[in-house]
Amino acid sequence: MDQMTIGGRTLGSRLLLGSGGFAHPAALSGAIHAAQAEVVTVAVRRVEHAPGGLLEAIEAAGASVLPNTAGCFTAREAVTTAHLAREAFATDWVKLEVIGDARTLLPDAVELLVAAERLVADGFTVLAYTTDDPVLGRRLEDAGCAAVMPLGSPIGSGLGIRNPHAISLMREAVSVPLILDAGIGTASDAALAMELGCDAVLAATAVSRAADPPAMARALHLAVEAGRTARGAGRIPRLHHAQASTGDEGRPEVSA
Amino acid sequence: MDQMTIGGRTLGSRLLLGSGGFAHPAALSGAIHAAQAEVVTVAVRRVEHAPGGLLEAIEAAGASVLPNTAGCFTAREAVTTAHLAREAFATDWVKLEVIGDARTLLPDAVELLVAAERLVADGFTVLAYTTDDPVLGRRLEDAGCAAVMPLGSPIGSGLGIRNPHAISLMREAVSVPLILDAGIGTASDAALAMELGCDAVLAATAVSRAADPPAMARALHLAVEAGRTARGAGRIPRLHHAQASTGDEGRPEVSA
Amino acid sequence: MDQMTIGGRTLGSRLLLGSGGFAHPAALSGAIHAAQAEVVTVAVRRVEHAPGGLLEAIEAAGASVLPNTAGCFTAREAVTTAHLAREAFATDWVKLEVIGDARTLLPDAVELLVAAERLVADGFTVLAYTTDDPVLGRRLEDAGCAAVMPLGSPIGSGLGIRNPHAISLMREAVSVPLILDAGIGTASDAALAMELGCDAVLAATAVSRAADPPAMARALHLAVEAGRTARGAGRIPRLHHAQASTGDEGRPEVSA
Amino acid sequence: MDQMTIGGRTLGSRLLLGSGGFAHPAALSGAIHAAQAEVVTVAVRRVEHAPGGLLEAIEAAGASVLPNTAGCFTAREAVTTAHLAREAFATDWVKLEVIGDARTLLPDAVELLVAAERLVADGFTVLAYTTDDPVLGRRLEDAGCAAVMPLGSPIGSGLGIRNPHAISLMREAVSVPLILDAGIGTASDAALAMELGCDAVLAATAVSRAADPPAMARALHLAVEAGRTARGAGRIPRLHHAQASTGDEGRPEVSA
Amino acid sequence: MRVRLNGDWQTLPEGATAADAAAVVGVRPGDRGVAVAVDGAVVPAAGWGEVVLAEGCTVEVVRAAAGG
Amino acid sequence: MRVRLNGDWQTLPEGATAADAAAVVGVRPGDRGVAVAVDGAVVPAAGWGEVVLAEGCTVEVVRAAAGG
Amino acid sequence: MRVRLNGDWQTLPEGATAADAAAVVGVRPGDRGVAVAVDGAVVPAAGWGEVVLAEGCTVEVVRAAAGG
Amino acid sequence: MRVRLNGDWQTLPEGATAADAAAVVGVRPGDRGVAVAVDGAVVPAAGWGEVVLAEGCTVEVVRAAAGG
C-alpha cells in the first residue's frame, strides 16, 4: 500500500492499534505483528498502575508509541497529560482526547479545540479524536492538528460507522490525514472507512477483546488495504435495477 | 486462507470472477491474476458472437471455467444450455441461472428448482444463483446443489448486500458452500458477505466495470480474506454505550 | 384516506390486524377500534383449543374475519385448512401461509404457488403471504391471487423492513394490492411500507405484544395514513449536500 | 396528542414548519393548516428582499412566528440578527443557527455555544440548531437553551435521520425538549424521530418543495403523532428469528 | 369403532356420523363458526348427519382461534 | 453624508436620522414587523427619530422573509 | 433444405449433417470449446458427421463468451 | 511535610525533592519511560533533584499503561 505522512513522518501502515484491553502483554505483541502496525497508542497512568515494560514490548514489536490523553475531561487535563507523555516517551505526538460524557465517551468539541490550539502552540503533533462533525474537523485542521480522527461510533461499542455520510463529508472538509477512530467492530467496518476516504483506521477494542486478537488484527490489516485499494479502483455506480454482465446477443435458441 | 470444497473439488481462492463486461481480453487476464481467482464464469453464445480465445485466456491465467446459463428464462432453456456447456467445455460444473424478470434479472424460484433437480439428475455439479430466501436455499441443497449462490442485490446494481439479516439466515439454513453472487459493488460488501458466513464471493461487474479492474480485483481478494478472517476471529459484541479501552485506574490528577 | 379494493371488496382501512398474541379478548377489541381495522385474521384450530366467541368479538368491533393457514407446511395442508375456514366462517377470503421453516416461519415459494393456484381454482380470494421476491410476487398475481403480502422480516421479529429496495421492486412488479405483512415493529416501519408503495399493512405481534396494544394500534393506523399521504405528496429528492431553505439574498450586514 | 412546553409556553402541535421554499404565499397558508402547525420559522432580511405580509399570513393561519438566524456564520452575526428579530416581531424566541460551512450548512459548535450563552443572557428563549452530538446538546442545555434541535442530515438534503443511534444518545443526554430539525424527507423520517425520543419535528424543505405541500404537511402531522404514540406504546423487542403470532396448539391434522 | 378425533383416538358406536363425532367435542349442527373434516375432506354442516364414519378415520372439528 | 443603507451607499442630508434612512427604503415608524440597526446595534422604533446617523455608518432595515 | 442455423435460415443440401452446418459458421470437428445442438438436443462432437439434419430443424453452434 | 503523591498523602522530610518523591514510588532519575509533574507542571528528569517540594503540593509520577 502507498505510504501516508502525518506531521512530516512517513508511515507504511494505515492501521494504528490501541494497546488497551488485551488479556496479557504477549497478546499485544502478537496483535502488533498481525496488524503490521507501526503506531500503537498508550495511556499515561501512575506508576503503581502501569506495570512497566509496555514501551519496550511495543518497540520490540517494531512499532512506536502514540500517547493518548484518555480519561481527560478538560483541556487543562489533556494538555498536562500530553506534556507528561512528551517527557516520559520522548515524542511530540499525542492522540488528543477530551471527553465530554462518561457513558458515551464522546468528545467535547469546545474543550477539544482549546486543547488542540494549546498543544499545537507547544510544538506537539496533534492527532485529534473528534465527533464526525465536518465543521469541527475543519476547525481542528485550521488549529494545526496533524490528523483528524473522527469516531464511527462510541469507543468500544463495536457499532461500526453509524453515519457514513458524515464521514464522507469530513473527507471533503479536511485535507490533513483522516483516521477513523472508535467504533470499529470488524473488517467490513475498516474497509468501509477507507472507501469513504479515510487515510487510516485505529482499532483498539475490536482487536484486544476479539476472541482471537491476532486473527482480528490481521483481518483489519487486510481490510484497510482492501478498502483503500477499492477507493482507488473507482467503484461502479449504484443502480436501482439490474445491469446484465452477460450480453443477450447470440444467445442460442434452446427452448424448443 | 483455508481451502474450500465444492462438489468434491478443492479451491484455494474464495473469490470467483465473472468474465463479462471487460473492455478487452487483457483486462480479464489482469483481473484474474489480481483476484487470484481459480474459477471464472463464462456464458454460452453462438459462435458468431463469441470471438474465441476466451477459454484459452482464462486457462492461461491459471483459472478454470464455470459456465453459466445467463439469459435463460425457463428450466428447459437452462438445462439445454448446461448440456451445451458440458459438451463444449468438458466440465460438469454449471452456475445455474434461471431469470424471472428482465429488468431486475432476479431468479425464478420455481423454474430454478426444476432445473436444479434435472441437472443434478444429469450428473452436473450445480451452483445455483438464487434469491436470499433461506427456505429456497435449503430446497436447492436438498435437491443436490453443490453450492447455493444468494444475491446481495440485483446483478450489476452495485447495491451491495441489501439484506444482511437474510444472508445470515441463509447461512443457518444451508450446509453446502454459500457464495454471495450479484450486487457486490466494492470491498466492504465482500468483507461483509464473508462475515455473515458466506464461504466465497463471486464478482463480475464490480471488477470489470470499475475504473481500474485489476485494482478492484485485488481489493476484493483482500476483502474476502479479511472478512473470512474476521469471522473466524470472533468479533466483539455491539453495545449501545461506550466501553473504555483505557482504564481510569491510576489516572494522574492534573487538573490543578 | 382513499379506499382500496381487494377481490372486488372495498375497504376503508389500510391497516389489517392479526388476532394472535393478545393477553385477553378485550385487548383485541380495543386494538381493533384503535386501529380502525376492518379486517382481522384468525387461525383455524381444534375446538378444544379455540375458546369460542372470537368471531363474535371481531364482528362486534366492526371488523370482518380473514382466516389464515398459519402453521401449514404443505400446499395440501393449506388448501384443506382454507376449505375448513370457508365452511366455518362463510368467507371465500383466505390469507394463505405455507411455511418452509419452523425457526424463521418464512414461506415456501414452491408450495405457496401450488396452493395459490389450487385455491384460486376453488373460488377463493387469496391473499398470499410471501417473501419479498418480486418474481414470486408476479407469479402469485398471475396465478390469480387477489393480494400479495410480502414480509418485511420474519413474523414477530419486529425487525421492520429489512430490504426496502426489494419492496419497491415488488411494487413495480405487482399490480394487485401489495400488503406488507410480518416484521412490523413500530409506526415508522408502517409508514415506510406505505411510502415504498404498499397498499396496506398487516400488523399482529407489533400490536398484541406491545406494552399498550391499543396505543400501538392507533400509532400504526396514523402511520399508515401518514405513509400513504406522503407517497402521494411527492417527496423531495435526496441530496448529498445541503440545500438552503432560506435564501441568502438580502441578508443584513450585522457582523460589524 | 399531549402538549409540550418550550420556555414556559405550551404547544399543542409537535410539528413546526419552516416558511422557506414555497412557490407562493397561499401554499404556505395551506401547509400551515394541513400541518396544524403552531410555530413557523421566518428569516430576517432587508426590506427590499422581504415582500411584506408574511407575518400576517402566518398569524392568519393561526401560527406564531419563530425567527431564525439563517445565514449567520458567526456568533456576532447571529446575536445581532436575533436582536433585530426581537425588535421586529416582538418575540423573545429565536431559532439559533450559526453555520460553519456553506456547502453542508452544518452548525459551528463553538460559535453556536458562544451565541447561545449570549442570547440566554439577553433574555431570549433559545432553540438551538445543532449537530447530533449529545455532548454539545448537553452543553447547550446547560447554557440555558429552551430546546435543542439536532439535525437528522443536512438542511434540505432529504436524507432523513442518518444516525438514529446518535439521536437516541441525545435523548438520554438532554432534558429540555429535543426537536429534530433538518433532513426530514418524508413521513417515516418524522415518525422515527419521535420514536427515538424527540419531542417534536421541524420540517421546511420536505413540505415546501414536495410536489403537493399541503399533502406532505398533513402526512408529517400524522407521522409525528404516530411516532409519539408508538414510543409511548412500548414497542416489541427485535428478535433474530421469528416468533409465531399464531399458536401451534390445536392445529388440525389435514395433511392426509 | 375407533376414530381419530381432534388428535385423540376415540371409540364411537358403529354407524356413528360426523355429527356424532362433533357432539363428542361439544359441537352441534347449527353451531356458528365451526367446521368438520373427515379424512381431510370438509363436510358441510348440512351433511354431518349423513356422513357415516369408517373405522380408523380422522375427524377434525375446528373453530376460529386467535392468530396472526 | 454617505451611509451604507441595506448594502448600498446612499447620500443623506447632514443630521439625517434612522427614521430618514428607513424612509428611503419605504419604512415608517409604526410599521409592523420591521427593525432597524445602526452599526450593528438595534434601534427601537421609538428612537428612530432621535438617532442621528454618522458619516459612513451602516444602516440595516429588515423584515420577515420566508425561511427555514 | 432449409435449416435455422444460429438464428438464420440457411439452405443446405439434402443429407447435410450437423458437421456441415457447423462448417457454415466456421466450426470443424475437433475444434475446442464448441458445442452443437440440433432441435435442443446436444450432439457430441464425435457424432456431428452422422446426424443428418431434417428440413426446418434448428441448429445451434456455440462457444464460450464473456459473461457474469 | 505532607505531599499528595500519586493520590495518597505521604510524609516526606523538609527539603525533599521531586527525586525523593519519585523514589517513594520506586522511580529513579534515568529510568526510562516515566515523567513527574509537581502541581501540574512537568519537571524534566534532569531537574528532579533540584525541585524542592512545598508543603501540600501534588506530585504525579507516571508511566505508559495499556490504553486505547
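Letters A, B, ... mirror the listed sequences (proteins, then strands); counts begin at 1.
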So which of [options] has the biggest tally of heavy-atom pairs under 4.5 Å with chain F?
options	answer
D:Val40, D:Leu28, D:Leu54	D:Leu54
D:Lys95, D:Glu59, D:Glu56, D:Arg86	D:Glu59
D:Phe22, D:Tyr129, D:Phe89	D:Phe89
D:Pro51, D:Gly52, D:Gly21, D:Ala70	D:Gly52

message: Donor-acceptor pair, distance only, cut-off 3.5 Å: does the side chain of D:Thr80 make one with the backbone of F:Ala41?
response: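 No, the answer is negative, given that no donor and acceptor are paired below the 3.5 Å cut-off.
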task: Mark yes when over 12 heavy atoms from residues, nucleotides or ligands other than F:Arg28 sit less than 6.0 Å from its CZ; otherwise mark no.
output: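 For F:Arg28, atom CZ is not crowded (no more than 12 foreign heavy atoms under 6.0 Å).
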Heavy atoms from other residues, nucleotides or ligands near CZ of D:Arg118 exceed 12 (cutoff 6.0 Å):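 For D:Arg118, atom CZ is not crowded (no more than 12 foreign heavy atoms under 6.0 Å).
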- request: Let me see the working for D:Val47 and F:Val62 under side-chain contact (heavy atoms from CB on, under 4.5 Å), right down to the final yes or no.
  value: CA-CA 5 Å; D:Val47 291; F:Val62 300; 5.6 Å; no
If I measure from the heavy atoms of chain F, does [X] come under 4.5 Å with its side chain, its backbone, both, or neither?
X	answer
D:Leu16	neither
D:Ala204	side chain
D:Leu84	both

Contact class of F:Ala45 relative to chain D, heavy atoms under 4.5 angstrom: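 Both parts, heavy atoms under 4.5 Å.
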field: Salt-bridge criterion met for F:Arg63 and D:Glu87 (N-O under 4.0 Å)
entry: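 Salt bridge between F:Arg63 and D:Glu87, a charged N being under 4.0 Å from a carboxylate O: no.
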For the residue pair [X] and [Y], what are the closest heavy atoms and their distance?
X	Y	value
D:Ser19	F:Ala65	OG-O, 4.1 Å
D:Leu55	F:Gly33	CD1-CA, 3.8 Å
F:Ala66	D:Ala43	O-CB, 4.2 Å

field: Min side-chain heavy-atom separation F:Val25-D:Glu48 under 4.5 Å
entry: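 Side-chain contact under 4.5 Å: yes.
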